[in-house]
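Below, read A as the first sequence line, B as the second, and so on, with proteins coming before strands; counting in each chain starts at 1. Because only heavy atoms are used, hydrogens play no part in the values below, and waters and symmetry mates are left out as well, while side chains stay in.
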Protein chains: 2
Amino acid sequence: MLDFALIAEAYRRLEGHHVITPLLEYDSINEIVGGRVFFKAENLQRTGSFKFRGAFNKIAALGSEQRARGVVTYSSGNHAQGVAAAARHFTIPATVVMPEQAPLLKRQNTQQLGAELVLYDRETGDRKALAEAISAETGAVIIPPYDDEMVMAGQGTIGIEIAEQLQAAGLNADFLTCPIGGGGLMAGVSTALRHLMPAMQLYCVEPIGFDDTKRSLACGQRVANEGQGTSLCDAIVTPMPGELTFPINLGNLAGGFAVDEGNVIRAIAQLFERAKLVVEPGGAVGLAALLERQLDLQGRSAVVILSGGNMDLAAFLAMNKKVE
Amino acid sequence: MLDFALIAEAYRRLEGHHVITPLLEYDSINEIVGGRVFFKAENLQRTGSFKFRGAFNKIAALGSEQRARGVVTYSSGNHAQGVAAAARHFTIPATVVMPEQAPLLKRQNTQQLGAELVLYDRETGDRKALAEAISAETGAVIIPPYDDEMVMAGQGTIGIEIAEQLQAAGLNADFLTCPIGGGGLMAGVSTALRHLMPAMQLYCVEPIGFDDTKRSLACGQRVANEGQGTSLCDAIVTPMPGELTFPINLGNLAGGFAVDEGNVIRAIAQLFERAKLVVEPGGAVGLAALLERQLDLQGRSAVVILSGGNMDLAAFLAMNKKVE
């Protein structure tokens, strides 16, 4: 069962191997949203997203004999890089099942980290079945992207750091907004923060059309995305909430927000010009929700998790060209 | 006289008011430069550059009666924002003499921070004379951009943090590369590091054509830039090394490098894609020197100070359009 003790244990495993990412505040962004915002900059994490934490914790917790057989995973890119970097740390082989449609930078980085890529077509292939076949053949351990307690516990270490960093600065936060895909980050972080800062109200954020978690939270059970097609926010588009993550998030969250993609692009621009941070679309939705005033921040404060920054320069330029 | 005690005192003054910027390492950048690089991310400092430190220290150290008369400065933009933010903290008026040619973002930010702008033409005007006239009329204290001990001491606090962060991580660094304009940052940082980590070899970096400090260090006396016109690296183009800063840098530095502007643009792209950081041209020259292999990093390590990140999104897009 995912609980605070499991997250605290993950934090001890990660020590010295991950980046304790800074919690950053900007006067000019506070003025725009009308309250104080503290950004947890997980785009500065190893491999450019929070995913390194969960992958490292899972692999570090395996028995050494089991670990030696290698690992296999399926991911649109950020989890892939996290697994590849963690596998490299333990000098074990890693195989990643990745959609052909994944951003180029994520594919290149995963290969540069020494993982073997198995590409499939997102429209027609079944990534989980592909990974299971590889595992059956090679004995490699599957590292799921979110529906796994050790993975969730690793992501939850962000919650411990947020609480420690707020306390060290003598600060408190009324709200937290965080991107959600399968729900592993949110399940881990919410479990840590319900324990450490129970008064903080926690919200997950998705793009409009892919707000399966928001709608699932509203009706109390897992419902799938109705929208087809692709989203700018590739990192957080999943068909439906995770089997293990959803009950945890249902218990811990105050609710979910769906944001307009145009406001995601505006959030990325604000983070570029004011925060000096490169944040990918899926990582910037938490700020987009505040730009849309989905929370009343007047006289209050919010932590915003910036979950990743893996965006090609070419993709960034193309995205801004569209806006011009 | 600028010495370590003055910098340690500045550090106590800044405590709780500035960002202790992170020291960040990226596997993928290490692979490119062939050694370990630790980035001191001063682009994440309040107002987007290191300048806040020196301005705050200078203003905090004034007597309260003197301070109440307000402050005046001259700056192409980063020092302007630092002074404006520090003046706002003490709720005193600030006037900034700024070239009409300064980047739009820097002008806007300075005004948003409550400072009054006095624009002049960089080609024909004398910014120092303008500031002195304002000071004579209003009694405002001049906050020089670099030729001032309290300003240098404030910038030097970066050196204390670098030493503390390296030591906390059990690390050492053989080299440091740092952008140089008037020399205040380098004078402060080098004074701190000669005291705390005397074995580290310190290098300043400028763009080709504006390498007044490199040439001055080589001949042992202050010589002016020969090149006219403008540089992409607006933040670090000064006519010649500072009167007070140069003797300090002459005593402390191992030398200077001049880098090609094309490599500055490449450094900015690497910092965007791999470090997830927005760094302005003048702030990225330290990495450009390593991309040019001006130091042999094989089996060795370097601290690179990223001094600022104030770049309009529009300017960034235009810069990359030129490269395409």
Side-chain angles (χ1 to χ4, degrees), chain A residues 16 19-28 31-32 39 41-49 81 84-85 88-89 104-105 108-109 112-114 168-170 265 268-280 283 306 308-321 323-324, chain B residues 16 19-28 31-32 39 41-49 52 81 84-85 88-89 104-105 108-109 112-114 168-170 268-280 283 306 308-321 323-324:
Chain A
V19 178
I20 296 177
T21 54
L23 193 70
L24 297 162
E25 183 181 13
Y26 301 88
D27 301 339
S28 59
E31 277 175 34
I32 292 170
F39 292 105
E42 276 293 296
N43 58 328
L44 303 178
Q45 188 51 262
R46 281 185 72 178
T47 72
S49 91
Q81 292 174 71
R88 180 188 243 190
H89 173 84
L104 184 63
L105 185 71
Q108 285 176 340
N109 289 352
Q112 271 172 18
L113 287 164
I265 296 176
I268 291 170
Q270 296 292 356
L271 289 164
F272 181 101
E273 287 200 337
R274 297 175 194 277
K276 324 301 177 193
L277 293 173
V278 176
V279 183
E280 63 182 291
L306 304 173
N310 287 314
M311 180 165 33
D312 312 27
L313 183 51
F316 179 81
L317 298 175
M319 184 183 80
N320 281 286
K321 202 168 280 174
V323 180
E324 285 170 359
Chain B
V19 178
I20 297 177
T21 54
L23 193 70
L24 297 161
E25 183 181 13
Y26 302 88
D27 300 340
S28 58
E31 278 175 33
I32 293 169
F39 291 105
E42 277 294 295
N43 59 327
L44 303 179
Q45 189 51 261
R46 281 185 71 178
T47 72
S49 90
F52 177 77
Q81 292 174 72
R88 180 187 244 191
H89 173 83
L104 184 62
L105 185 72
Q108 285 177 340
N109 289 352
Q112 271 172 19
L113 287 164
I268 291 170
Q270 296 292 357
L271 290 163
F272 181 101
E273 288 201 337
R274 298 174 193 277
K276 324 300 177 194
L277 293 173
V278 176
V279 183
E280 64 183 289
L306 305 172
N310 288 315
M311 178 164 37
D312 312 28
L313 182 51
F316 180 81
L317 297 176
M319 184 183 80
N320 280 286
K321 202 169 279 172
V323 180
E324 286 170 357

Can you list everything that forms a side-chain hydrogen bond (donor to acceptor under 3.5 Å, both in side chains) with A:E280? Sequence neighbours excluded, please.
A:N78, A:K106
Ring pair (Phe, Tyr, Trp, His ring centres under 6.0 Å) partners of B:F52, counting only residues at least two apart
B:F56
Side-chain donor-acceptor pair present, B:E42, B:T21, cut-off under 3.5 Å
yes
Side chain from CB out, backbone as N, CA, C, O: work out which of these in B:A275 comes under 4.5 Å of a heavy atom of chain A, or both, or neither.
backbone
Test log, rule side chain to side chain contact (heavy atoms under 4.5 Å, CB included), inputs A:V278 and A:F316
CA-CA 9 Å; A:V278 176; A:F316 179 81; 5.7 Å; no
For chain A, which of B:R46, B:R274, B:Q112 has the most heavy-atom pairs under 4.5 Å?
B:R46
Which bit of B:E25 comes within less than 4.5 Å of chain A, counting heavy atoms only: side chain, backbone, both or neither?
neither
Residue, of B:V19, B:V279, B:N310, that accumulates the most heavy atom pairs under 4.5 Å with chain A:
B:N310
B:Y26 versus chain A, heavy atoms under 4.5 Å apart: side chain, backbone, both or neither?
side chain
Quick one: does A:N320's side chain have a donor or acceptor within less than 3.5 Å of a partner on B:A314's backbone?
no
Measure B:L277 against the heavy atoms of chain A and call it side chain, backbone, both or neither at under 4.5 Å.
both
Counting only heavy atoms closer than 4.5 Å, note whether B:L313 contacts chain A via side chain, backbone, both or neither.
both
Parallel, tilted or perpendicular: which fits the ring planes of A:F272 and B:F272, with parallel below 30° and perpendicular above 60°?
tilted
